[in-house]
Enquirer: 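Let me give you the structure first, and then I'll get to my questions.
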Amino acid sequence: MTGRPADGAPMGPGRRRSGRPRAIGGIIAAMGLVAAAPLQAQPGQVAITIRPAIDRPGPTFEGWGTALAWFAEVTGGYPDGTRERLADLLYGPDGLGWTIARYNIGGGNAADTPSYLRPGAAVPGFWRRPENATGEDWWRPDDPAMWDWSADANQRWWLDAIRKRVRAPIFEAFSNSPPWFMTVSGRVSGAEKGTDDNLRAGQEGRFATYLARVVGELQRRHHVTFRTLSPVNEPNTDYWFATNTQEGSHWSPARQAAMIDAAAAALTDQGLTTTIAAPDETNSHLFVRDWAGYPPATRARIGQLNVHSYGTVHQTAVRDIARVSGIRLWMSENDTPLEKDPEDFDDMSSALAFAEHVIHDLKRLEPSAWVFWQAIETLSAKDGAGGSNWGLVKMDLRAVPDAPHPIHITAKYWAMAMFSRYIRPGYRLVPVDDADTVGAMAPDGRTLVLVHMNPGPFSRALTIAAPRAAVREIIVTDATRQAFHIASKPRPALIASPESVTTIVMTIPK
C-alpha cells in the first residue's frame, strides 16, 4: 500500500500517487456566471442540476473536530516532532483546520486489574487510592490526597496543542464510564451483562463530583474552557459488558436522567459555567427513546443535544426535538469506513462512503457541528487479516513511544478536508435538493460552498442553479488527486469525475 513518502510528510495538493491509473474524466471549471439551465450530458455522463436554497439558510455551523481519547492517550507521549506534526494535520491551518475537541475523562480500572483494554483505551482516572484502602467506598472527593492531578498527561498534551493552533477552540469533556470503584462489576468496560446499568445505586452524586472537579482542574491548569460536559456515552445500548476492550457503561433512560441531574448540580456547586450535553446516544432512534424517558426538569438542564450517527433511522426526529426544544444539536461521534473494506491508505471506497455519510448527516440532522470519533487509528492489517479503514490517519499505536512512527494519511483524510477546509465555523447550512450535495453560506452572504460526492463510475455534468453566482474555486479528491485545486479554464461546464468528492466555492454578488 502506498499513499505517503517514507518520511511521513503529507502528500500536498496536486501530488500524485505513483502506480495508480488516472481517474476517468476531470473537472472543468467555469469562472464566469453559472447558468441555471441544465447542461446537456455527453455520452458516458449524467446531467445533474444542483439547486441550493440560498434564500433559506439554516443553522449556524460551529465546526469540525474529533474525540481525543485513545489516540491522544498514545500519541501525546510521542517525540515532539511526531506529535506536533499530528496536531498540525488535524488542527493546523494547512491541515484539516478543525476547531472542536472532545476530551475523554477516564474512569480507570484498579491498578491490579490485568491489562485487557485496546491500545489507548485505558485512559487513566484522576483518583488516587490510599495504600491501606479496602473495599469500594474509600474514595473521598474532599480529600486532596485522593486526587492525582498528574494523570493522563498524554491526552492533556493535546489540550495545549489545540489551544496553540486554534483561535477560538470549543472543548467538550465526556465520560465513557465511572471509575471502577463506583461500578457494579468492578470494571470500567461495563456490567457483566451489556443490558445492565454498571453505576452502583446511589453513586450519581459522587460520580458527578468526580467529573465536575476534573473539568474545573483541567480548565485551570491548561487555560481552556470546557463549554459542555457529557456524563454518559451511548448509554441505552448492549455494547458495554465487563469483558469488552474499551470503557463503557449502560444507562437506562431513568438512570441517564438521574446522572444528568446530578452532573448539572455538581457543575453549579463547583462554580462552573460548563453545561450538560446529552445523551450522546449511538444513533437517532435510540436518542428519541432516551429523550422520551427524561422528565421535563431533566430536559431543561441540557444545554446541548449530542447524537452519534452509527445508525441513521429517525435523524429528522432528532432534528425536530432540537428545533422544538431550542437546544443546540451536535453530531458528536461517527466514523464510517465501508463495511468489510480491507485496509488501504489510498483506495477511495471508504472515503466515498464516509463523504456520503457526512453529507446525509448534515442534510438530515442539520447539526451545529460534526465530530469524528478517532482521527488516528492503529494499523489493522496484520497476520493475514485484511484490516479496516477506521480513522483518517493510520499509525502503529502499539509501538513504544521512542520507536519510529510512520504516519499514513488516508484517502478519507482528503475527503474530510473537502468539508472542513471550506465549510468553516460561522457558516450556515443551506438546503440543497441534490442527495449527493451539501451546501453552506458564509456569514457575509457572499460565499457559497457546495460539496458534491460522485460515487459512481460515470462522470457528472453539473449545473448550479444559483443565478448570478460565479465559480471561484474548484477542489477535487479522487483516485489520483488529494484536495487538488483545478486551474480555471474558460469552459461552460462543471464535470465531477467518477468516484470523487468535489468542493465548489462560489461568489454571490451583492
Side-chain angles (χ1 to χ4, degrees), residues 10-14 27 29-31 34 50 52-54 57-66 88-100 165-168 170 331 351-352 354-363 366-372 375 392 409 411-432 434 436-454 462 464 466 469-478 481-488 494 496-497 500-508:
M11 300 186 70
I27 296 187
M31 297 303 291
V34 177
I50 298 171
I54 59 178
T60 299
F61 195 70
E62 295 189 305
W64 312 82
T66 185
D88 285 340
L89 282 170
L90 303 184
Y91 288 94
D94 296 325
L96 295 178
W98 283 350
T99 58
I100 293 171
R165 287 166 172 78
V166 181
R167 183 178 60 82
I170 301 175
M331 199 307 293
L352 291 167
F354 168 70
E356 182 170 333
H357 195 101
V358 173
I359 288 171
H360 290 179
D361 280 355
L362 296 182
K363 292 169 79 73
E366 298 181 15
S368 295
W370 200 98
V371 183
F372 202 83
L392 304 177
I409 297 178
K412 276 175 65 183
Y413 176 94
W414 296 111
M416 178 81 254
M418 304 298 287
F419 296 93
S420 63
R421 289 182 178 180
Y422 302 98
I423 300 178
R424 300 300 299 160
Y427 279 49
R428 297 178 69 182
L429 298 177
V430 170
V432 180
D434 178 59
D436 290 331
T437 307
V438 69
M441 182 79 72
D444 62 5
R446 299 287 309 282
T447 298
L448 173 66
V449 175
L450 300 171
V451 183
H452 176 85
M453 61 86 58
N454 176 10
L462 305 180
I464 313 298
V471 173
R472 190 167 78 220
E473 293 181 83
I474 293 183
I475 309 94
V476 62
T477 286
D478 60 16
R481 293 169 290 188
Q482 302 145 327
F484 183 83
H485 286 250
I486 302 297
S488 61
L494 295 167
S497 60
S500 67
V501 185
T502 304
T503 298
I504 304 165
V505 182
M506 308 182 76
T507 297
I508 301 175

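Because the structure is predicted, anything quoted here is derived from the model rather than measured.
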Enquirer: For the residue pair Val451 and Leu362, establish whether any side-chain heavy-atom pair is separated by less than 4.5 Å.
Expert: no

Enquirer: With a 3.5 Å distance limit and no angle check, can you tell me whether Asn454 reaches the backbone of Ser497 through a side-chain donor-acceptor pair?
Expert: yes

Enquirer: Please identify each residue that fulfils side-chain hydrogen bond (donor to acceptor under 3.5 Å, both in side chains) with Thr447, with sequence neighbours left out.
Expert: Arg472

Enquirer: Looking only at non-hydrogen atoms, find the nearest pair between Thr502 and Ala496 and report the distance.
Expert: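 Distance-wise, the nearest heavy atoms are OG1-CB, 4.2 Å.
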
Enquirer: Less than 4.5 Å apart, any side-chain heavy atom of Val449 and any of Phe419?
Expert: no

Enquirer: My understanding is that only residues two or more places apart in sequence, or in another chain, count here; which of them pass salt bridge (Lys or Arg N to Asp or Glu O under 4.0 Å) with Arg165?
Expert: Glu84, Asp88

Enquirer: Which distance, rounded to the nearest 0.5 Å, do you find between the CG of Leu450 and the CG of Leu462?
Expert: 9.5 Å

Enquirer: Quick check for you: to the nearest 0.5 Å, what is the distance between Ile54 atom CD1 and Ile508 atom CD1?
Expert: 4.0 Å

Enquirer: With Ser420, which residues qualify under side-chain contact (heavy atoms from CB on, under 4.5 Å), at least two apart?
Expert: Trp64, Leu96, Trp98, Met416

Enquirer: Considering all heavy atoms of both residues, which atom of Ile423 and which atom of Ala440 are nearest to each other, and what is their separation?
Expert: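 Ile423 and Ala440 have their closest heavy atoms at CG2-CB, 3.7 Å.
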
Enquirer: Of all residues at least two apart in sequence or in a different chain, which pass the salt bridge (Lys or Arg N to Asp or Glu O under 4.0 Å) check with Asp434?
Expert: none

Enquirer: What residues form a side-chain hydrogen bond (donor to acceptor under 3.5 Å, both in side chains) with Asp94, not counting sequence neighbours?
Expert: none

Enquirer: Would the distance check show the side chain of Lys363 and the main-chain N or O of Val432 forming a donor-acceptor pair, the cut-off being under 3.5 Å?
Expert: yes

Enquirer: Where is the tightest heavy-atom contact between Ala466 and Pro52, given as atom of each residue plus distance?
Expert: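 Shortest heavy-atom separation between Ala466 and Pro52 comes out as CB-CG, 4.2 Å.
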
Enquirer: Using side-chain hydrogen bond (donor to acceptor under 3.5 Å, both in side chains) as the criterion, list what pairs up with Thr477, not counting sequence neighbours.
Expert: none

Enquirer: Applying side-chain contact (heavy atoms from CB on, under 4.5 Å), can you list everything that pairs with Pro443, at least two apart in sequence or on another chain?
Expert: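 For Pro443, the residues satisfying side-chain contact (heavy atoms from CB on, under 4.5 Å) (neighbours in sequence not counted) are Tyr427.
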
Enquirer: Please test Asp478 against Phe484 for side chain to side chain contact (heavy atoms under 4.5 Å, CB included), starting from the C-alpha separation and ending with a verdict.
Expert: CA-CA 9 Å; Asp478 60 16; Phe484 183 83; over 6 Å; no

Enquirer: Mind checking what makes side-chain contact (heavy atoms from CB on, under 4.5 Å) contact with Glu366, not counting sequence neighbours?
Expert: Pro59, Arg319, Arg323

Enquirer: Nearest 0.5 Å, what's the CG-CD1 distance between Leu494 and Ile464?
Expert: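 These two atoms lie 5.5 Å from each other.
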
Enquirer: Which residues satisfy the side-chain contact (heavy atoms from CB on, under 4.5 Å) test with Arg428, sequence neighbours excluded?
Expert: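 Expected list: Pro57, Thr60.
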
Enquirer: Please name all residues satisfying side-chain hydrogen bond (donor to acceptor under 3.5 Å, both in side chains) with Asp361, sequence neighbours left out, ordered by chain then number.
Expert: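 If we apply the side-chain hydrogen bond (donor to acceptor under 3.5 Å, both in side chains) test to Asp361, skipping adjacent residues, the hits are Ser309, Gln315, His357, Trp370.
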
Enquirer: Among Arg481, Gln482, His485, which one satisfies side-chain contact (heavy atoms from CB on, under 4.5 Å) with Val476?
Expert: Arg481

Enquirer: Nearest 0.5 Å, please: how far is CZ in Arg424 from OG1 in Thr99?
Expert: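 So the gap between those two atoms works out to 6.5 Å.
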
Enquirer: I'd like to check Leu392 versus Leu89 (side-chain heavy atoms, cut-off strictly below 4.5 Å). Are they in contact?
Expert: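 Leu392 vs Leu89: side chains apart.
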
Enquirer: Which distance, rounded to the nearest 0.5 Å, do you find between the CD of Glu473 and the CE of Met506?
Expert: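 With rounding to 0.5 Å, CD (Glu473) is 12.5 Å from CE (Met506).
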
Enquirer: Testing the basics here: between Met418 and Thr503, what is the closest heavy-atom pair and its distance to 0.1 Å?
Expert: O-OG1, 2.8 Å

Enquirer: Taking ring pair (Phe, Tyr, Trp, His ring centres under 6.0 Å) as the definition, give me every residue that meets it alongside Tyr422, ordered by chain and number, with sequence neighbours left out.
Expert: none

Enquirer: Kindly determine whether Phe372 and Tyr413 satisfy ring-ring contact (aromatic ring centres under 6.0 Å, His included), including the steps that lead there.
Expert: CA-CA 11 Å; Phe372 202 83; Tyr413 176 94; over 10 Å; no

Enquirer: Roughly how far apart are Asp436 CG and Leu352 CG, rounded to 0.5 Å?
Expert: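 CG of Leu352 is found 10.0 Å from CG of Asp436.
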
Enquirer: Closest heavy-atom contact between Arg421 and Ala483?
Expert: NH1-CB, 3.7 Å

